[in-house]
Amino acid sequence: MDSSDGFQSSFRDGDSLALIAGVSVTQDASRGGTNIFSARDTFYTVNSKLRTKRVSNATVNDATSASFIEPAGYEELLGLLWRHGLIIIEAPRDSGKHLLGVRLLSDCQERLAQDGRHLNGLHYIKMGWQEINAWHLPKEPGSCYLLDLSGSTDEPPTLEFGEDLAQDADSARYDGVYLVVLATPDVWSGCKGATSSLTRSFSPPPAGEIVKRHLQSKFGVSNYEEWLRVEDIRELIARIESPSEAAELAEEIAKNSHLNNLPEAAAEVLDKFGSWRKHLSKWFREHEDVPARAAMLAAAVLDPSLPADIIDARKKLLEILKDGEAEVAPLAGPGRTGYLELLQAQQVKDRFSISHQRKGLDEAVIRFVWNEWPQAHPFLQEWLLALATDAPQSRIKRIADVTVTAALQAGSTAYIDLVRKIVTDYPQSWSLALEIIDLTVVDPAVGAQVRQRLLGWVTNKDPSFAALAVEACGRRLGQERPSLALHRIFRALSREPGDKGFLAAERALVSLADDEISRRAVLDTVRSWLQSQPKTGLPAFIALATRSSSFVLSALTPEADGESISFFKDGWNRAAASAMPRPDIATALGKFIDICEEGKVEPDLITEIVGPLLAESVNKSLAMMVLSRSGSERKNVSDPIRNHLMQELIWGRLRKARDAASSG
C-alpha cells in the first residue's frame, strides 16, 4: 500500500498500539458512546477514536514549492501553532486555506526533524461523526493533523468542543502532535469564545499574484509577462475570486504558451476557461432551429455516444417539446456525416464526441442551455427521466452526473426536485434517483442538506420516500459515513414491520454488514441499539443474524473475541424475552444456526452463545423447534452444530450451562 495515499487510524492507550491490517474503517465519535471505523485501504486500530488519511506527497509538494505564496504574517501563524500545538484558520470555503494548513504542518514536521524528534507524517482527520468530540481526535506521537470543517456539517462543533480542543492541544504538543483546524466563520461561531486566542482569519493572495507565481515557478513560462499584458486576460484575472481558479488559469496558459500567435492562443485560453461561452453563444445564434439545438443537447448529455442514440434522444426531446419535426422518417435529417458537421464533433471509433478535443464542452452545453432557457427546465427534466428509463447503468450514471453538475453550477437544488419526481411519478427511474443521491450526499457544499432530506424522508408517511432514503444509506453514505447512514436506518426501523420503508431499512443494514468497509460500524452500532433501544435494535439484530452470512461468520471465527460472542448472546436472549412469537424466534434461530453450519463455525462456540437460552427453554419447546430437522430444507445435510446441541441437551449439559449463567 502506498503510504502517501493510504489510510491510518491510531489511538493511544498507555504506550500501546493495536493494529489489524486489511480492515476498512470510519468513525462515529458520539460523546461517551461507541466509536466506529470504516474506509478502504486502512489499518484498523482496536479502540481507536477517528480514522485519518495521510496527506499525499503531491499536496505536500504543492504546499512547500516555490509557487506557494505565504500570506502576510505567516511566521506569526507558524509560531502560534508551534507554541500551542493548535491553530484555527477561519476563512470562507475555496479560499486556499487548505494548502496553508498543509504548509504550516509541514514546517512543524521540519522543526521536529531538526530537534531529532520522531516523525509520523501529515494526516487528514476524516469526517463522519454524528456528534464531534475533541477527546476522540487522534494523537499519535510525531503526527501532524488537519481537520477541515469547511464543508457541510451535520452538527457544528459546540463551545465545549472548543474548550476541550484548546485544553488538549497544549499537552499533545509535547509528544510532537500538532493540529490545524480549518473552518468557515458560520461553522466555528459556537467555538469562537473558547478559542479566540488561537483563531486567525485568512485572506488569500490576489489572483494576479497566484497566476504570475505559477507561470514563473511551477510551469516556467518564459513569456508570462506578455500573457499578463493581454487585456482580456487581465480582465479575466480581475474577476477570479478562488485561488484554485487562478491556478487553473495559469495551467491553461502554460498549455498554450508554445503557440506562436499570442492573440489566437489567448483567445483559445479565454474560450476554454470561460466555459466555452463565446463558442456556444455563436453556435446557438447560427442554429436557431429547435431540432438542431436538440441534437446538440442530446450529443452533450450522452457524450460520447452512437449516432443512432443521439438521433433517438433528439427525437424524444422534440416530442416532449411538442416540436413539429419530432416525427422524422428513417431517411430524414442531415444523416451521419451531416450530424458530425452540425455538431462539430469528432468521430471516436464508432461514436460521436463533442468534447474529445474540446475538453469540457459537453458540460458547457448543458450548463449553457440550463442557464439560457430556464423555462425549459421541466421539459428537460422529463426528457432526462425518459432517457434513464430502462437504460444501461452507464447511461444512468452519465445522466445523474450531468444533472447534478448543471444544477450545482447554477446554484440550484433541481436535482432534489428530480428525485422527488422520480419517487412520486417515475418509479421506473429509481436507479437514477439513487445515483443522484450518491453524487451529492457527501458533497462538501450540499451534502448536509441532502443528508437532512434523507433524515426527513425515513419517517415520511409515504413509504416510497422512506424506502429510497434508506436504500441510499446502504450505498455511498453508508460506506463513507456509516454512523450517519446507520442513524437514518435506525429511524426507518421504527416504522411498522412490513412497511416498505422498514423492509428497505433491513436490506440496507444487511448490505452494510456484508461490506467489509462498514461491517465493524454495523456491529458496534446495533450492539448499542440493543442496549438503549431494544425495540428497534432487535429487528436489526435478527436481520443481521439471519440474512448476512458474511457478518455472522466474520464475527464468529475461531479467534472470536468476547465482544462478538456477547453480542450474539445478548441478541438472542433479548429475542427470547421479547413479545416475538415463539415459532418466529425458532425460525430465526434456526437460520442463524444454518449459517453457522455452512460456515463451519465451531459447535462449542454456538453452544456458548445459545446453550443457556435453549436449556432455559426446554420445557417451552423452543429447543426442540430449533434443533428439529423436520421443517428444515436441510434434511439431508450433516448438522454438526445441531447434533452437538442435541447431545448437550440430552446429557443435561445445557441445563448446567443455564444454571452456571444464572449463578454468574
Side-chain angles (χ1 to χ4, degrees), residues 7-12 25-31 35 37 39 48-56 59-60 63 77 80-81 84-93 95-106 108-109 120-140 142-173 175-192 194-195 198-200 202 442 444 447-448 480-481 483-484:
F7 288 78
Q8 184 180 48
S9 181
S10 60
F11 78 104
R12 294 182 63 199
V25 297
T26 195
Q27 79 284 351
D28 167 21
S30 57
R31 186 171 301 281
N35 301 292
F37 314 90
S48 61
K49 301 301 179 185
L50 300 173
R51 73 178 170 95
T52 65
K53 177 182 179 181
R54 186 176 289 272
V55 177
S56 70
T59 302
V60 174
L77 297 177
L80 184 66
L81 175 60
H84 296 281
L86 168 69
I87 190 172
I88 297 94
I89 306 296
E90 194 177 61
R93 291 183 65 247
S95 61
K97 62 182 181 293
H98 176 272
L99 212 57
L100 171 61
V102 174
R103 175 59 173 264
L104 287 167
L105 294 175
S106 181
C108 280
Q109 285 270 295
N120 194 43
L122 276 59
H123 308 266
Y124 300 116
I125 297 176
K126 303 299 289 180
M127 293 289 292
W129 45 68
Q130 194 64 31
E131 179 187 350
I132 188 169
N133 187 338
W135 301 112
H136 291 164
L137 297 177
K139 303 176 187 66
E140 187 172 349
S143 296
C144 291
Y145 298 101
L146 191 71
L147 174 60
D148 193 347
L149 300 178
S150 303
S152 58
T153 55
D154 294 78
E155 294 189 22
T158 62
L159 178 65
E160 185 180 4
F161 172 77
E163 292 172 344
D164 292 345
L165 198 65
Q167 180 180 345
D168 202 34
D170 268 327
S171 59
R173 70 185 175 88
D175 290 329
V177 176
Y178 290 86
L179 172 66
V180 173
V181 177
L182 309 177
T184 52
D186 59 321
V187 168
W188 198 249
S189 60
C191 297
K192 197 86 174 270
T195 59
L198 299 171
T199 303
R200 294 292 184 271
F202 168 67
V442 293
E480 297 196 20
R481 300 195 180 182
S483 66
L484 301 180

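Heavy-atom minimum distance, Pro444 versus Arg93: CB-NH2, 3.7 Å. Scanning both residues, Ser143 and Asn120, for their nearest heavy atoms gives OG-ND2, 2.8 Å. Across every non-hydrogen atom of Arg173 and Gly85, the tightest pair is CD-N, 3.6 Å. Counting all heavy atoms, side chain and backbone alike, Pro138 lies closest to Thr52 at CG-CG2, 3.5 Å.
Under the 6.0 Å cut-off for aromatic ring centres, Tyr178 and His84 do not qualify, their centroids lying 6.0 Å or more apart.
Scanning for side-chain contact (heavy atoms from CB on, under 4.5 Å) contacts around Ala91 gives Ser95, Lys97, Phe202, with sequence neighbours left out.
Looking only at side-chain heavy atoms (C-beta outward), Val177 and Cys144 stay at 4.5 Å or farther from each other. Within the 4.5 Å cutoff, no side-chain heavy atoms of Asp175 are placed close to those of Lys139. Between Leu146 and Val181 there is no side-chain heavy-atom pair separated by less than 4.5 Å. Residues Ile87 and Leu198 have side chains not in contact (no heavy-atom distance under 4.5 Å, counting atoms from C-beta outward). Two residues are said to be in side-chain contact when any heavy atoms from C-beta on lie closer than 4.5 Å; Leu100 and Val102 fail this criterion. At a threshold of 4.5 Å between non-hydrogen side-chain atoms, the residues Leu182 and His98 count as touching. Tyr145 places none of its side-chain heavy atoms less than 4.5 Å from the side chain of Val180. Residues Pro157 and Val187 are in side-chain contact: their nearest non-hydrogen atoms beyond the backbone lie under 4.5 Å apart.
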Evaluation steps, side-chain contact (heavy atoms from CB on, under 4.5 Å), between Glu140 and His123: CA-CA 11 Å; Glu140 187 172 349; His123 308 266; over 6 Å; no

Check against side-chain contact (heavy atoms from CB on, under 4.5 Å), Leu165 and Leu179: CA-CA 10 Å; Leu165 198 65; Leu179 172 66; 3.7 Å; yes

Leu122/Arg54 under side-chain contact (heavy atoms from CB on, under 4.5 Å): CA gap, chis, key distance, verdict: CA-CA 6 Å; Leu122 276 59; Arg54 186 176 289 272; over 6 Å; no

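A donor-acceptor pair under 3.5 Å is absent between the side-chain atoms of Glu480 and the main chain of Val442, judged by distance alone. No donor-acceptor pair under 3.5 Å is formed between the side chain of Thr59 and the backbone N or O of Val55. Under a 3.5 Å cut-off, the side chain of Arg103 and the backbone N or O of Ala63 do form a donor-acceptor pair. At least one donor-acceptor pair under 3.5 Å links the side chain of Asp148 to the backbone N or O of Ser150. At least one donor-acceptor pair under 3.5 Å links the side chain of Thr195 to the backbone N or O of Cys191. Proximity of a side-chain donor or acceptor of Gln167 to a complementary backbone N or O of Gly162 within less than 3.5 Å is not detected.
Once rounded to the nearest 0.5 Å, the distance linking CG of Leu81 with CG of Leu105 reads 6.0 Å. The CD1 atom of Ile89 sits 8.5 Å away from the OG1 atom of Thr199 when rounded to the nearest 0.5 Å.
Ring orientation note: the planes of Trp188 and Phe161 are nearly perpendicular, at an angle over 60° on the 30°/60° scale.
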